[in-house]
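What you are looking at is a predicted structure, and each value in this text was computed from that prediction instead of being measured.
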Amino acid sequence: QMQLVESGGGSVQPGDSLRLSCVASGQSFRSYSLGWFRQAPGKAREYVASITWTGTTYPIDSVKGRFTVSRDNDKNTLYLQMDNLKPEDAGVYYCAATDLRGISLGSANNYQYWGQGTQVTVSS
């Protein structure tokens, strides 16, 4: 019913920026809430930020002021603008979508669709 395709990952130095994109196929994109998760090697998947179907954003404290999650409903695209990247931001970043309501967007099990992941490396 929905397919997510990510792009924008890469290898950067601390302090640099990246913008991740997640393009969704299918219809009813604007009715989905969307999230970003990341996973470092050997660690659990971590919630990063989300944006509701109405446009409210919920970043975690460690990325507030550095990351901006946004969406363009006309392009069926979710974005994660990452500025001032730090080594601890490194990992595989996944986008996810859910049309559930009244749930926690910080919980991975509430998302119905997932992208393939894109690697972000931050090294000096």
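Under a hydrophobic-cluster definition in which Ile, Leu, Val, Met, Phe, Trp and Tyr are linked whenever side-chain heavy atoms come within less than 4.5 Å, directly or via other members, V5 and L34 are assigned to different clusters. One hydrophobic cluster, built from ILVMFWY side chains closer than 4.5 Å, cannot hold both W53 and Y111; they sit in different ones. Under the 4.5 Å side-chain contact rule for hydrophobic residues, L105 and M2 share a cluster.
Applying the side-chain hydrogen bond (donor to acceptor under 3.5 Å, both in side chains) test to residues at least two apart or on different chains, the pairs with a partner in residues 113-124 are Q1-Y113.
Within the model, atoms OG of S62 and NZ of K86 stand 8.0 Å from one another, a figure rounded to the nearest 0.5 Å. The line from SG of C95 to CG of L4 is 4.5 Å long, rounded to the nearest 0.5 Å. Rounding to the nearest 0.5 Å gives a distance of 8.0 Å between CD1 of I51 and OG1 of T56. The distance from atom CD of E46 to atom OH of Y93, rounded to the nearest 0.5 Å, is 8.0 Å. Interatomic distance, N84 CG to M82 CE, rounded to the nearest 0.5 Å: 12.0 Å.
Judged purely by atom type and a 3.5 angstrom limit, N110 uses its side chain to pair as donor or acceptor with the backbone of S104. Without hydrogens or angle criteria, R38 side chain to G91 main chain gives no donor-acceptor distance under 3.5 Å. Put simply, the side chain of T98 gets close to the backbone of L100: a donor and an acceptor are under 3.5 Å apart. A side-chain donor-acceptor contact under 3.5 Å links W36 to the backbone of Y79.
Listed by chain and residue number, F37 satisfy the ring-ring contact (aromatic ring centres under 6.0 Å, His included) test with Y47 (two or more places apart in sequence, or in another chain).
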Show every donor-acceptor pair shorter than 3.5 Å between a side-chain atom in residues 14-25 and any protein atom, with sequence neighbours excluded, or say none if there are none.
from : atom 1 : to  : atom 2 : distance (Å)
D16  : OD2    : Q13 : N      : 3.1
S17  : OG     : D83 : OD1    : 2.8
S25  : OG     : Q3  : N      : 3.1
S25  : OG     : Q3  : O      : 3.4

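Within the 4.5 Å cutoff, side-chain heavy atoms of L85 are placed close to those of F67.
Note that R71 lies in the cation-pi zone of F29, set by a 6.0 Å cut-off to the ring centre and a 45° limit from the axis.
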